[in-house]
Participant: 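Input: one structure, supplied below.
Numbering of residues begins at 1 and proceeds along the displayed sequence. Everything numeric here is computed off the predicted structure, so don't read it as measured data.
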Amino acid sequence: MIELKDICYKDILKNINLTIDFRDKIVLAGPNGSGKTLLSLIISGIIEPTSGEVILDGKNIKDMELKELRKKIGIVFQEPEMQFVTMSVEKEIEFGMQNLQFPKYEIDDTKEYILDRFSLKDIRNNSPFEISGGEKQIVALASIIAMKPSFIIFDEVTSFLDMKYKKMIYNFIWNYPGGFIWITQDFDEFVLGKTLIMLEKGKIVFTDDIEKMIKEEKLPTSEILIRKKIKEEGLERYL
């Protein structure tokens, strides 16, 4: 369980209180500058809050070793090159597992599974810095998945991707057994989660169940907008 207790960061985040189960599937949304990325960096232990605590399974993350923390929480950035530390795709996938001291047989088996699962075998020896933008994002995602964290934060990872790579990531999300925070400004991506949390000016201003909101047509997803237009045109029989 992740507990955020009175989290503040300078004048950006203000008294954030939140309890997250490792099985929760959360969509975190809000306008630019609302503090979404900053909050994700605090939850993942990359940045310390100005005040307040992040408690992970009853322990303040400030008192946890990085290896222990990364077994629990992984993060995939919008800019994948921020994560790359090696000079080949397969080494990138191995790197996190090696840091977590996985046994060699598990590293080898997981690497081959990940390369196949995300269609990366053909570029396994390529530099992650010299592949396409979509491939970079997939490699960044795959390298975190390989470490098998209990919970993953995805920070607007599909913003610059075409539909081919979006679908690959969506397919993974829909089948992911663990919990996650999916940060997005795309209404159509709200359906990936179970709970919607809205940030505005550094504060949580709204929380609700996504399935309920979709049923009540409170979310302006493409499907809901199309259905609304059909009803307005008197074409309900085609729904």
Side-chain angles (χ1 to χ4, degrees), residues 1-22 24-57 59-85 96 133 136-137 140-141 143-145 147 149-161 169 173 176 178-190 192-208 210:
M1 182 171 289
I2 306 167
E3 299 173 84
L4 308 183
K5 298 184 175 181
D6 296 319
I7 294 296
C8 297
Y9 189 85
K10 300 180 179 178
D11 61 346
I12 304 172
L13 294 177
K14 302 158 188 175
N15 299 108
I16 301 292
N17 288 280
L18 191 61
T19 299
I20 302 169
D21 187 275
F22 283 131
D24 288 344
K25 301 182 187 301
I26 296 169
V27 172
L28 179 62
N32 287 332
S34 59
K36 303 185 300 296
T37 293
L38 178 57
L39 183 59
S40 73
L41 295 175
I42 289 173
I43 294 173
S44 58
I46 296 173
I47 291 178
E48 287 191 17
T50 306
S51 62
E53 297 178 315
V54 180
I55 306 298
L56 182 58
D57 285 342
K59 190 174 183 179
N60 193 313
I61 64 171
K62 291 194 299 184
D63 302 323
M64 298 176 69
E65 293 185 3
L66 183 60
K67 181 171 69 173
E68 182 183 7
L69 180 57
R70 285 295 161 260
K71 285 181 178 179
K72 297 285 187 178
I73 301 176
I75 183 168
V76 184
F77 297 106
Q78 184 179 19
E79 299 290 343
E81 290 188 6
M82 293 175 61
Q83 293 181 216
F84 296 156
V85 293
K136 287 178 182 179
Q137 194 57 272
L141 170 69
S143 65
I144 297 299
I145 301 307
M147 294 190 287
S150 304
F151 194 86
I152 304 178
I153 300 171
F154 301 92
D155 187 5
E156 300 196 60
V157 297
T158 62
S159 297
F160 306 114
L161 302 186
I169 293 176
I173 290 297
Y176 185 58
F180 59 79
I181 293 176
W182 182 269
I183 300 175
T184 185
Q185 295 189 68
D186 185 343
F187 288 115
D188 284 334
E189 292 187 343
F190 286 14
L192 295 173
K194 298 292 185 183
T195 303
L196 173 64
I197 296 175
M198 297 287 292
L199 272 184
E200 187 173 331
K201 296 181 180 179
K203 294 182 178 181
I204 295 176
V205 296
F206 180 85
T207 303
D208 208 341
I210 291 173

Participant: First locate atom CG of Leu28, then atom CD of Gln185, and finally report the distance between them rounded to the nearest 0.5 Å.
Facilitator: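 Here the rounded value is 10.5 Å.
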Participant: Measure across Ile153 and Ile183 and return the closest heavy-atom pair with its distance rounded to 0.1 Å.
Facilitator: CG2-CD1, 4.2 Å
Participant: Do Ile144 and Phe77 have side chains that approach each other closer than 4.5 Å (heavy atoms only, starting at C-beta)?
Facilitator: no
Participant: Between the side chain of Lys36 and the main-chain N/O of Leu199, is any donor-acceptor distance below 3.5 Å?
Facilitator: no
Participant: Can you tell me how far apart CG (Leu18) and NZ (Lys5) are? Round to the nearest 0.5 Å.
Facilitator: 13.0 Å
Participant: Decide yes or no for Phe160 and Gln137: does some side-chain heavy atom of the first lie under 4.5 Å from some side-chain heavy atom of the second?
Facilitator: no
Participant: Any side-chain heavy atom of Ile20 within less than 4.5 Å of one from Ile181?
Facilitator: yes
Participant: Determine all donor-acceptor pairs shorter than 3.5 Å in which one atom belongs to a side chain in residues 67-75; sequence neighbours excluded.
Facilitator:
{"residue": "Lys67", "atom": "NZ", "partner": "Gln101", "partner atom": "OE1", "Å": "2.9"}
{"residue": "Arg70", "atom": "NH1", "partner": "Ser44", "partner atom": "O", "Å": "3.1"}
{"residue": "Arg70", "atom": "NH1", "partner": "Ile73", "partner atom": "O", "Å": "3.1"}
{"residue": "Arg70", "atom": "NH2", "partner": "Ser44", "partner atom": "O", "Å": "2.9"}
{"residue": "Lys72", "atom": "NZ", "partner": "Asp57", "partner atom": "OD2", "Å": "2.8"}

Participant: Looking only at non-hydrogen atoms, find the nearest pair between Gly133 and Leu161 and report the distance.
Facilitator: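 Looking at all heavy atoms of both residues, the shortest contact is O-CD2, 4.0 Å.
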Participant: What's the spacing between Thr37 OG1 and Ile42 CD1 if we round to 0.5 Å?
Facilitator: 11.0 Å
Participant: Quick one: does Leu13's side chain get under 4.5 Å of Pro49's, heavy atoms only?
Facilitator: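 No, their side chains stay 4.5 Å or more apart.
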Participant: Does the side chain of Asn15 come within less than 4.5 Å of Ile7's, by heavy atoms?
Facilitator: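 Answer no - side chains too far apart.
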Participant: Which atoms form the tightest heavy-atom contact between Ser34 and Pro31, and what is the distance?
Facilitator: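 Shortest heavy-atom contact: OG-O, 2.7 Å.
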Participant: Search all heavy atoms of Tyr176 against all heavy atoms of Pro149 and return the closest pair with its distance.
Facilitator: OH-O, 2.9 Å
Participant: Is there side-chain contact between Val76 and Gln83, with heavy atoms separated by less than 4.5 Å?
Facilitator: yes
Participant: For Lys25 and Gly178, indicate whether the former's side chain and the latter's backbone hold a donor-acceptor pair under 3.5 Å.
Facilitator: yes
Participant: Taking atom NZ of Lys62 and atom CD1 of Ile55, what is their separation to the nearest 0.5 Å?
Facilitator: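 The NZ atom of Lys62 sits 9.0 Å away from the CD1 atom of Ile55.
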Participant: Hey, could you give me the CD1/CG distance between Ile16 and Leu38, rounded to the nearest 0.5 Å?
Facilitator: 9.5 Å
Participant: Let me see the working for Phe187 and Val27 under side chain to side chain contact (heavy atoms under 4.5 Å, CB included), right down to the final yes or no.
Facilitator: CA-CA 10 Å; Phe187 288 115; Val27 172; over 6 Å; no
Participant: Could you go through the side chain to side chain contact (heavy atoms under 4.5 Å, CB included) check for Asp155 and Leu41 one step at a time?
Facilitator: CA-CA 10 Å; Asp155 187 5; Leu41 295 175; over 6 Å; no
Participant: Using every non-hydrogen atom in the two residues, find where Glu156 and Gln78 come nearest and quote the distance to one decimal.
Facilitator: O-CG, 3.3 Å
Participant: Using the test side chain to side chain contact (heavy atoms under 4.5 Å, CB included), find all partners of Ser51 that sit at least two apart in sequence or belong to another chain.
Facilitator: Cys8
Participant: Is there side-chain contact between Leu39 and Leu4, with at least one heavy-atom pair below 4.5 Å?
Facilitator: yes
Participant: If you count every heavy atom of other residues, nucleotides or ligands that lies below 6.0 Å from Lys194 atom NZ, does the total exceed 12?
Facilitator: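 Check fails, neighbour count at 12 or below.
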Participant: Let me confirm one number: the OG1-CG distance from Thr195 to Asp208, rounded to the nearest 0.5 Å.
Facilitator: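 That separation rounds to 8.5 Å.
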Participant: Over 60° means perpendicular and under 30° means parallel, so classify the ring planes of Phe154 and Trp182, tilted if in between.
Facilitator: tilted
Participant: When you compare the side chain of Ile12 with that of Thr50, does any pair of heavy atoms fall below 4.5 Å?
Facilitator: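 No; the side chains remain at least 4.5 Å from each other.
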Participant: If you compare all heavy atoms of Ile169 against all heavy atoms of Leu141, which two are closest, and at what distance to 0.1 Å?
Facilitator: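 Looking at all heavy atoms of both residues, the closest pair is CG1-CD2, 3.8 Å.
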Participant: For Phe84 and Lys136, run side chain to side chain contact (heavy atoms under 4.5 Å, CB included): C-alpha distance rounded to whole Å, both residues' side-chain angles, the deciding distance at 0.1 Å, then the answer.
Facilitator: CA-CA 9 Å; Phe84 296 156; Lys136 287 178 182 179; 4.1 Å; yes
Participant: For Glu79, enumerate each residue passing the salt bridge (charged side-chain N to carboxylate O under 4.0 Å, His left out) test, keeping only those at least two apart in sequence or located in another chain.
Facilitator: none
